[in-house]
Amino acid sequence: MAKAPVLTPQNEDYPRWYQDVVAKAELADNGPVRGTMVIRPYAYAMWERMQAEVDGRIKATGARNAYFPLFIPESYLRREAEHVEGFSPELAVVTHGGGKELDEPVVVRPTSETVINSYFAKWVQSYRDLPLLINQWANVVRWELRPRLFLRTSEFLWQEGHTAHATAADAAAYAERILRDVYEDFMVNVLAIPVLTGRKTARERFAGAVNTLTCEAMMGDGKALQLGTSHELGQNFARAFDITFSDEDGGQSHVWQTSWGVSTRMLGGLIMAHGDDAGLRLPPQLAPTQVMVLLVRAEGGAGERAAGLVAELTAAGVRAELDDRVDVSFGRRSVDWELKGVPVRVEIGPRDLARGSVTLVRRDTGEKTGIPAGEVAPRVTAALAQAQAALLDGARRRQEERTADVSSLEEATEAARSGFARLAWSAVGEDGETRLAEQGITVRCLRRPDGSLPVTGDEGDLVAVVGRAY
RNA sequence: CGGGGAGUAGCGCAGCGGAAGCGCACCUGCUUUGGGGGCAGGAGGUCGCGGGUUCAAAUCCCGCCUCCCCGACCA
C-alpha cells in the first residue's frame, strides 16, 4: 500500500527535507524570538552524547572545565581590534537592567575570549602557571539574519576552550592536538563523519586569530559544513589583556594562546551527513538508543520475551529500549523509529515466537534478518559495529566521488555545483578567492598534498579545497 | 539592508462579496495490529492587526505588523 512519503524526498528539495526531518523526528522547534530554537528531548539526548564524548577527549588533553559569565562589558570586546570588528554586527547588547539604563552596556557573549583572558591576566604570573588549559560548556549569542535550525541560530550551545602557553610552538602543537585528538577523532569514530582537516585562508580566519584550523565535512547535497575550529591566537589577546609571565630567566613575556570550539551545529551535520528519505540514520556510537525492541503483539508470552531481550542487551552493554505500545499500529511505530534513526530494531511477534527466533532490522541498509533467539546479544553487537562502519564508509565514498581535481577557477565553479573541488592554492590566490566568493563559493581549507597541516599559509604547494557551504 | 512571496484549526492548504472548509494530527468507542490500518462519532477559528467601502467582507480598498524565500555576514 503506497502511502505519500513521510518526508519531502532529498532529490526533490533538500532544504525542505531537512526541515521535515527536524520536525517529524521531533528534534527542534523554532523559538518565539526569531533565530532562537527549542531543542527537544530526542535531539538534546544526542547533544548529551556528543558532550560526553567530546568532554572526555578534552579532559584527556589536560584541560579542565570552568564557567565564565554570560554578560561581558562592552569595553572588553573593544580591546582587540580585529575581534570587535568581526563580531560587532552580530552582538546582542543589553542597555537596561534593574529598570535603569546601564552606565556601560553589556553584551551577551558571542564567544568568551575577552572575559576569560581578563582573568587569565590575573591567574598567570609565572611560567609555572603554564600551560593554562580551560574549557567551558555554555550558550552564546550571535544575532543571525538568516537562521536555520541547528546550522545557524542566534543562540546556540557549544564548548569553547581557551589556553595560554609559554611558547608559540607549544600553543601551535596544542591547537593541532585538539583538532586531531578531540575533534577529528570524535567526528570520524563517533559521528562516522569523515572530515577534511586543514588551515583557513586569511579571509576565513577567526576574528583575532593568527591561524585557524578547521574540520570540514561534506553533507548529503555536496555542500560543506564547518564542524569545528581550533585557533592559534598568537599574542594578540595577551597584548590586549596584558597576560604576562615571568620566564625561567626572570624576563617578562606575553603568553601564546589558543581557542577552539564545537557546537550544536554538529546536530545539523549529523542529520545531513547520514540522513536519507526515511529520516535520520544515527551512527550507533552516538545514538541515544542503539536498539529498539519492538513488540509486534503481546500474545503467547511475546511481551515477557521482549522485556527479557531488553534486559539481556542492556547487560551486554547495549543502549536498548522497549516499544511495547501494541495499541499503536506496527507500521506507525516502524516508521517513527526509522525517522529517529535508531540503528537497529529487534522485532518480536507471534511468528518469531513460533520459530524460536527474532527479526533484526538495520536502519542503515533496511536489511531484515531472522536470528535465533539465543544469539540476540552477539548478533546485535555485531550489527551495530557493522552499521557504524558502513555509515562512515558511505559518507567517505560520497565525499570522494563528489570531489573533483581541477586546475582552473572555471572548473572549480563547475565542480562546486555538486561537491568539492581540489586545486592548487597558487591557482586561486586571494583574487581568485574573491571571484569565487561572488558566486557563493568559498575556500573551505588549505592542505598539504599529503593531507597534513600547513604550518603557514605561504607554503608553495598547498592544495585548496573549495565548495559551497552552509 | 536590497529583490520576491505569504499570513484562514496544532501542521499543510483551499475558499477570493452571500451560513468558515479540506487533508494530516488530536479526543471517544468498536474493530484491527508482521510497514504511516478501517468504521462511526467528536472537539478545535477575534480568517495577522487597525481603519474604510457595502444591505452583507476571510474575500474589495488604505495603513501597519509579522513570517518565509533569494542575495551580502557567520560555529
Side-chain angles (χ1 to χ4, degrees), chain A residues 1-8 13 15-16 19-20 23-24 26 29-30 32-35 85-91 109-112 138-148 150-161 183 200 203-207 209 212 214-217 224-231 259-269 278-279 294-299 302 323-339 345-355 357-359 361 366 368 370 434 437-440 442 469-470:
Chain A
M1 190 151 323
K3 282 276 181 183
V6 179
L7 305 170
T8 303
D13 186 343
R16 184 77 181 271
Q19 290 184 324
D20 284 355
K24 292 279 175 65
E26 301 178 333
D29 264 333
N30 283 307
V33 172
R34 178 177 163 77
E85 193 183 331
F87 282 105
S88 288
E90 36 189 349
L91 290 182
R109 62 179 165 222
T111 177
S112 302
N139 58 339
V140 285
V141 169
R142 299 177 186 179
W143 216 256
E144 286 294 344
L145 302 176
R146 282 190 57 195
R148 258 153 76 78
F150 296 124
L151 301 174
R152 239 185 351 241
T153 48
S154 288
E155 179 190 9
F156 57 91
L157 307 182
W158 77 348
Q159 145 287 303
E160 53 177 320
Y183 297 160
K200 285 291 188 186
R203 184 192 180 95
E204 300 284 327
R205 196 185 286 152
F206 175 74
T212 289
T214 181
C215 290
E216 299 283 328
L225 184 69
Q226 178 175 307
L227 286 174
T229 50
S230 183
H231 316 287
S259 72
W260 27 278
V262 291
S263 73
T264 39
R265 170 179 273 188
M266 290 193 295
L267 288 164
L294 205 55
L295 177 63
V296 180
R297 268 186 286 171
E299 288 172 12
D323 181 354
D324 59 357
R325 299 170 301 159
V326 292
D327 53 331
V328 178
S329 81
F330 174 81
R332 160 59 57 130
R333 291 184 287 153
S334 300
V335 167
D336 279 352
W337 297 125
E338 271 169 9
L339 273 168
R345 295 199 301 283
V346 171
E347 301 175 353
I348 178 159
R351 279 192 337 227
D352 300 292
L353 228 50
R355 288 194 210 113
S357 66
V358 301
T359 304
V361 190
K368 291 192 177 193
T434 305
E438 285 163 2
Q439 301 167 79
T442 47
Y470 279 95

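Convention: sequence-line order gives letters A, B, ...; per-chain numbering from 1. Bear in mind that the values here come from a model prediction, so they are computed numbers and not experimental data.
- Atom CG in A:L339 sits about 14 Å away from atom P in B:A25, given to the nearest Å.
- When the P atom is used for both B:C13 and B:A9, the distance is 11 Å, rounded to whole Å.
- A search for side chain to side chain contact (heavy atoms under 4.5 Å, CB included) contacts involving A:Q19 returns A:R16, not counting sequence neighbours.
- Counting any heavy atom pair closer than 4.0 Å across all strands shown, A:R345 reaches a base atom.
- The minimum heavy-atom distance between A:A207 and A:G86, with the atom names listed, is CB-CA, 3.8 Å.
- Across all strands shown, A:T359 has heavy atoms under 4.0 Å from base atoms, whether or not it also approaches the sugar-phosphate.
- Across B:G17 and B:G10, the matching P atoms stand 27 Å from one another, rounded to whole Å.
- By the side chain to side chain contact (heavy atoms under 4.5 Å, CB included) test, A:T214 pairs with A:K200, A:E216, A:Q226, A:T229, A:C445, sequence neighbours left out.
- B:C16 and B:G21 have their C1' atoms separated by 14 Å, with the value rounded to a whole Å.
- A search for side chain to side chain contact (heavy atoms under 4.5 Å, CB included) contacts involving A:P350 returns A:R297, A:E299, not counting sequence neighbours.
- Taking every heavy atom of both residues into account, A:L227 and A:A217 meet most closely at CD1-CB, 3.6 Å.
- We find that CG of A:D336 is positioned 14 Å from C1' of B:C24, with the value rounded to whole Å.
- Looking at residues two or more places apart in sequence or on another chain, you find no side chain to side chain donor-acceptor pair (under 3.5 Å) involving A:D324.
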- Item | Base versus backbone protein contacts along nucleotides 69-75 of chain B [heavy-atom cut-off under 4.0 Å; B, S, -] | -SSB-BB

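- Across the P atoms, B:C26 and B:C65 are found 38 Å apart, a figure rounded to whole Å.
- Between A:F150 and A:F156, every side-chain heavy-atom pair lies at or beyond the 4.5 Å cut-off.
- Pairing each heavy atom of A:G269 with each of A:L225, the nearest pair is CA-CD2, 3.4 Å.
- In this structure, a donor-acceptor pair under 3.5 Å is present between the side chains of A:T212 and A:H231.
- In secondary-structure terms, RNA chain B builds stems of at least 3 consecutive Watson-Crick or G-U pairs, each pair having both distances under 3.5 Å, at B:1-7 with B:65-71, B:10-13 with B:21-24, B:26-31 with B:37-42, B:48-52 with B:60-64.
- Separating the C1' atom of B:G4 from that of B:U8 is a span of 23 Å, rounded to the nearest Å.
- Following rounding to the nearest Å, A:W337 (CH2) and B:G36 (C1') show an atom-to-atom distance of 15 Å.
- A:E338 comes within 4.0 angstrom of a base, heavy atoms only.
- For the side chain to side chain donor-acceptor pair (under 3.5 Å) test, residues two or more places apart in sequence or in another chain that qualify with A:N139 are A:R109, A:E155.
- When the C1' atom is compared between B:G44 and B:G51, the two are found 30 Å apart, to the nearest whole Å.
- A:T8 meets the side chain to side chain donor-acceptor pair (under 3.5 Å) test with A:D20; sequence neighbours excluded.
- The 5' end of RNA chain B is approached more closely, in terms of each residue's nearest nucleotide, by A:S334 than by the other of A:N30 and A:S334.
- Heavy atoms only, all atoms of each residue included: A:Y470 and A:R152 are closest at C-NH1, 4.1 Å.
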- When every nucleotide of nucleotides 4-10 of chain B is labelled 5' to 3' by its protein contacts under 4.0 Å (heavy atoms), B for base, S for sugar-phosphate only, - for none, what sequence of letters results? -------

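- A:R203 pairs by the side chain to side chain contact (heavy atoms under 4.5 Å, CB included) definition with A:T201, A:E433, A:T434, A:A437, not counting sequence neighbours.
- Look at the P atom in both B:C69 and B:U33: the space between them is 44 Å, to the nearest Å.
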Please enumerate all protein N or O atoms sitting under 3.5 Å from an N or O of nucleotides 26-33 of chain B, with distances to 0.1 Å.
unit_1 : atom_1 : unit_2 : atom_2 : d
B:U33  : O2     : A:V326 : O      : 2.8
B:U33  : N3     : A:V326 : O      : 3.1

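- Side-chain atoms of A:K368 stay outside donor-acceptor range of the base of B:G34, with no qualifying N/O pair under 3.5 Å.
- Residues that satisfy the salt bridge (charged side-chain N to carboxylate O under 4.0 Å, His left out) test with A:R333, not counting sequence neighbours, are A:D323.
- In summary, of the residues considered (A:D336, A:L339, A:V335), a side chain to side chain contact (heavy atoms under 4.5 Å, CB included) with A:K24 occurs for A:L339 alone.
- Comparing the same atom, P, in B:A14 and in B:G71 gives a spacing of 25 Å after rounding to whole Å.
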